[in-house]
Each structure stands twice: as structure tokens, then as C-alpha cells.
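Note that the structure is predicted; figures quoted are calculated from it, not measured. Throughout, a chain's letter reflects where its sequence line sits, starting with A, and its residues are numbered from 1.
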Amino acid sequence: MRGSPYAYALVDMDAFYVSVELQRRPELRGLPVVVAGSGPRAVVTTASYEARRFGVFSATPASRARRLCPDAVFVAPDFSHYRERSAEVMRVLGAQIERVEVVGLDEAYLDLSGLERPKAAARQVKAAVTAATGLGCSIGVGPSKLVAKVASDADKPNGFLALTADEARRRFGERSPGLIPGIGPKTVERLERRGVKTLGALGGLPDATLVEWFGDRLGPHLGRLARFEDERRIETIRVRKSESRETTFDHDLRGLRALEPVLGQLTGRLCEDLARHGRAGRTVAIKVRLDDFSTLTRARTLRVATSDAQVVGGVARELLHALDPTRPVRLLGVRVAGLDEVEGEPRGPADQLRLSL
DNA sequence: TCTGGGGTCCTAGGACCC
DNA sequence: TCTGGGGTCCTAGGACCC
């Protein structure tokens with residue numbers, strides 16, 4: 001990118017799950033299609049652009065989606081299929097560009113730094129993805145991940161937009177801070193309460209003010225984001241730090257008697273997958289969401305990492321008994337964290353010596 | 001008819017150590 | 001007795017992302 005030694009692209013697959021389903025069921029093309037679970041508490045995973053016109057988006061409760069768009073075709077999600085199609089897409093990206101950071105099933109950053117014509121390279125990637133998979137994508141290009149991401153969001157579906165940081169500031173200066181990934185609804189509200197309604201206004205605030213409002217780390221960070229200042233680099237390898245299984249009940253459950261078998265099933269699934277991948281962790285945690293949507297977590301850290309269902313299950317059960325929720329429970333989850341630490345043993349002086357050598 | 005599932009990172013406070 | 005300061009580990013909650 002002009003003036004910057006760095007260049008990144010963000011590739012975002014257009015309505016990915018829906019697009020994948022439409023390839024299997026082409027007769028649905030042009031119709032409002034919604035990928036969503038079937039239970040009473042299901043939410044929309046992805047909505048086709050036709051369905052979005054009715055106000056149906058990702059995370060819309062399925063019941064509400066039905067009301068907003070009674071003619072929509074509902075399709076049950078098939079994540080193992082989406083994972084396969086995602087791998088196909090990522091293989092195309094990897095064949096075109098050396099350094100790729102996969103962000104989710106439908107998103108990836110490309111490092112275009114050092115290429116003579118980064119924009120041309122990104123256009124070529126877009127064509128290659130569609131040629132190889134038949135799926136559409138939108139690509140943003142910029143001198144930082146942030147500019148690339150916001151540019152990709154600004155021109156979709158089937159979009160392509162390259163911006164400098166300066167161009168991004170000018171183009172989005174009057175837009176809400178919520179446009180920036182990392183500035184969510186809570187922060188937008190806190191800003192609005194203080195009269196800050198645009199990215200331009202936020203970016204122009206003195207650090208001292210932002211520190212006063214949001215603390216000495218978050219405050220200045222928000223200012224930098226608003227000015228599209230972003231130093232993050234591509235991370236081609238991500239180490240998973242925790243793994244969890246959780247479930248929301250169709251109807252709330254009450255009492256340990258009802259919850260315990262579910263906890264056992266969740267633990268079984270989690271530990272089986274952990275063991276299969278040779279992963280283990282030291283911290284066992286449970287998560288309980290009550291009928292009022294408040295969420296409680298309890299955790300205990302062990303001396304030794306484990307993926308043993310008996311061990312994890314025993315700790316999880318103890319945590320649940322100690323918590324003993326009296327209100328009806330709508331969600332129960334179990335998590336193992338600390339997966340990235342040294343295998344097995346706690347860190348004594350000998351380990352520290354070994355690690356420092 | 002409210003609000004999935006799987007993650008990451010940050011903050012704040014307490015315990016504990018030197 | 002009127003009271004350090006820094007560092008690490010841990011827990012709980014919360015914001016946010018795809």
C-alpha cells in the first residue's frame with residue numbers, strides 16, 4: 001500500500017453457510033434462505049441476502065426470523081460439511097499466498113507485504129476462490145488488518161475495496177464507532193452517553209480524556225482504533241488455549257439431579273476430543289446460565305494437566321455441587337483451559353532451568 | 001417468542017512470595 | 001502497629017468476535 005511497507009487483505013466469504021447450502025440445493029437460489037437450528041431457542045447462523053432484506057441476520061432468534069419472514073426456507077446447519085468446504089477455500093488461499101491467518105470458517109487474512117502489486121494479487125485470489133469453489137467472497141485491502149477488515153465489510157457481497165488509512169479515516173469518519181471490530185454495543189453506548197457518536201470524534205479525543213473514561217489501556221486503544229492505527233501482524237499459527245462444550249436446553253432444568261447427567265455427557269464429548277488431539281489442560285471450569293440470562297462460572301486449577309473424563313468430570317461435578325443453582329438453568333457448559341502449557345508437570349525450579357536453557 | 005456454540009482477551013481483587 | 005512494592009498465579013465476570 002502507498003506509503004506503508006505493509007499490505008494485508010481480508011477475505012470474507014459471502015453468506016458462507018447459505019452459499020454452501022445453495023450449491024447443494026440450487027432450486028433455492030433467489031429465495032430467502034436461513035440456516036438455523038430447529039429448537040425453540042435456536043438462532044440464525046446465516047441468512048441469505050434475500051432474507052436480510054426482511055431484517056433477518058446472524059444471531060436473530062429463529063422464532064423471530066419466522067415471524068419477520070414467514071416465507072423463508074429454513075435449513076438445518078451442517079457444520080462438518082461447512083468445515084470441509086472451508087478447508088477447500090483455505091487451500092486455495094494457501095496456494096496463492098504464502099502467509100495466511102485463518103480467522104474462522106469463512107474468513108482469513110493474507111499477508112501481501114512485499115508484493116509488488118498487492119491489489120492485483122488480491123484480485124487474483126478472489127478470482128481463484130470463485131473459480132475453484134463456485135463461492136463468492138468480498139475482499140478488503142489495506143496497510144493494516146483493521147483497514148482491510150473494515151474495507152471488506154464496506155463492500156459486500158462480491159466486493160473488492162482497497163483503502164489507505166487516510167482514505168479509511170475520511171470515508172468512515174462520520175460513521176458510528178461500532179463500525180470497528182473490537183468496539184461493540186456496550187462501548188458504543190458508553191461513548192454515546194458522553195456525546196461521542198462518530199469515529200472522527202473518537203479519534204480526535206485526547207488520550208487523557210480516554211484514559212479517564214476507559215482506563216489507561218482500553219482508552220488509548222479505542223483512540224488508535226478510531227484513527228485506523230493497527231500494528232497487528234499476521235499470525236500463521238494459532239495455539240488453542242481452551243476447549244469447551246456447552247448446551248442450551250429447550251426448556252430450563254432445575255436441580256442438580258437434572259443437571260448432572262448432562263454435565264457428564266458434555267464432559268465425555270469434551271474429553272474424547274481433547275484426548276484424540278493429544279491435548280490436556282490444568283484448569284477445569286463450568287458455566288451455568290440461569291433463566292434470567294445471568295451467567296455464572298466456576299473454575300479450579302489442578303497441579304497436573306488432564307484430559308481424563310473421570311478427573312474432569314469429578315472436578316466439574318464438585319464445582320456444580322458447590323454452586324448449586326437454585327434458579328432454573330437454561331445453559332450448562334464445561335471447559336478445560338491451560339492447554340498451551342508444558343505437558344503434565346507443574347513448573348518447579350528444574351523446569352524453569354530446563355526452559356531457560 | 002427473547003437471546004447458539006465455540007472461542008479470545010481484559011480487568012480486578014485476593015493469595016502468596018520475596 | 002497506621003502499614004512498601006513488585007511479581008505471579010488464580011478466580012470470576014464481562015466484552016467481543018465469527
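Within 4.0 Å (heavy atoms only), A299(A) reaches sugar-phosphate atoms of the nucleic acid but no base atom. Across all strands shown, K287(A) has no heavy atoms under 4.0 Å from either base or sugar-phosphate atoms. Nucleic acid contact class of G37(A) (heavy atoms, under 4.0 Å, all strands): none. Using a 4.0 Å heavy-atom cutoff across all strands shown, R66(A) reaches no nucleic acid atom at all. Across all strands shown, T247(A) has heavy atoms under 4.0 Å from sugar-phosphate atoms exclusively, and none from any base. Within 4.0 Å (heavy atoms only), S58(A) reaches no atom of the nucleic acid at all. Within the 4.0 angstrom heavy-atom criterion, no nucleotide atom of any strand lies near L105(A).
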Item to complete: State the dot-bracket string of DNA chain B. Criteria: Watson-Crick or G-U wobble, both atom distances under 3.5 angstrom; notation: ( ) intrastrand, [ ] crossing earlier pairs, | interstrand, . unpaired.
Response: ....||||||||||||||
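Atom P of nucleotide dG7(B) and atom CD of E246(A) are separated by 9 Å, given to the nearest angstrom. Atoms CD (E107(A)) and C1' (dC17(C)) sit 9 Å apart, rounded to a whole Å. Nucleotide dC9(B) holds its C1' atom 12 Å from the CZ atom of R335(A), rounded to whole Å. For D292(A) and dC2(B), the CG to P distance is 14 Å, given to the nearest whole Å. In this structure, H251(A) atom NE2 and dT3(B) atom P are separated by 11 Å, rounded to whole Å. Look at CG on D252(A): it is 13 Å from C1' on dT3(B), rounded to the nearest Å. With rounding to whole Å, R238(A) atom CZ is found 13 Å from dG7(B) atom P. A straight line from CD1 of I286(A) to P of dG5(B) spans 16 Å, rounded to a whole angstrom.
Rounded to a whole angstrom, the distance from the C1' atom of dG4(B) to that of dC16(C) is 16 Å. A distance of about 16 Å separates the C1' atoms of dA15(C) and dT3(B), rounded to the whole Å.
More than 12 non-hydrogen atoms from other residues, nucleotides or ligands lie less than 6.0 angstrom from CZ of R24(A).
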Worksheet item: What do the steps show when you test H321(A) against E260(A) for side-chain hydrogen bond (donor to acceptor under 3.5 Å, both in side chains), and what is the final call?
Response: CA-CA 9 Å; H321(A) 273 257; E260(A) 258 184 41; 2.4 Å; yes
Discussion item. For a side-chain hydrogen bond (donor to acceptor under 3.5 Å, both in side chains) check, start with the C-alpha distance between S138(A) and D14(A), then their side-chain angles and the critical distance, and finish with the verdict.
Written reply: CA-CA 7 Å; S138(A) 296; D14(A) 297 327; 2.8 Å; yes
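The side chain of V103(A) approaches dC18(C) more closely than any other nucleotide in the set dC18(C), dG7(B), dG4(B). In the set dG5(B), dG4(B), dG7(B), the nucleotide with an atom closest to the side chain of R240(A) is dG7(B). Residue R330(A) places its side chain closer to dT3(B) than to any other of dG6(B), dT3(B), dG5(B).
The existence of a salt bridge linking K145(A) and D230(A) is excluded, since no basic side-chain nitrogen approaches an acidic carboxylate oxygen closer than 4.0 Å. Taking 4.0 Å as the cut-off between side-chain N and carboxylate O, K186(A) and E189(A) do not count as a salt-bridged pair.
Between Y6(A) and Y8(A), the ring planes are parallel. Angles under 30° get that label, and only those over 60° would be called perpendicular.
The backbone N or O of Y82(A) sits nowhere less than 3.5 Å from a side-chain atom of S86(A) that would complete a donor-acceptor pair. S113(A) places a side-chain N or O within donor-acceptor distance of the main-chain N or O of A7(A), the cut-off being under 3.5 Å. For S48(A) (side chain) and V33(A) (main-chain N/O), a donor-acceptor pair under 3.5 Å exists by modelled atom type.
The 5' end of DNA chain B is approached more closely, in terms of each residue's nearest nucleotide, by A59(A) than by the other of S242(A) and A59(A). Each of R269(A) and R64(A) was assigned the nucleotide of DNA chain B with the nearest heavy atom; the assignment lying further toward the 5' end belongs to R64(A).
Base orientation of dC2(C): anti, the glycosidic angle falling outside 90° of 0.
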Considering only nitrogen or oxygen atoms on both sides, find all protein atoms under 3.5 Å from nucleotides 10-16 of chain B and state each distance.
unit_1	atom_1	unit_2	atom_2	d
dT11(B)	OP2	R217(A)	NE	3.3

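In this model, the phosphate group of dC9(B) is approached by a side-chain N or O of K241(A) to a distance below 4.0 Å at OP1 or OP2. Residue R41(A) places none of its side-chain N or O atoms closer than 4.0 Å to OP1 or OP2 of dC2(B).
Figure legend: R123(A) and F160(A) shown as a cation-pi pair, the cationic atom lying under 6.0 angstrom from the six-membered ring centre and within 45 degrees of its axis. The side-chain tip of R289(A) points at the ring of F293(A) from less than 6.0 angstrom away and within 45° of straight on.
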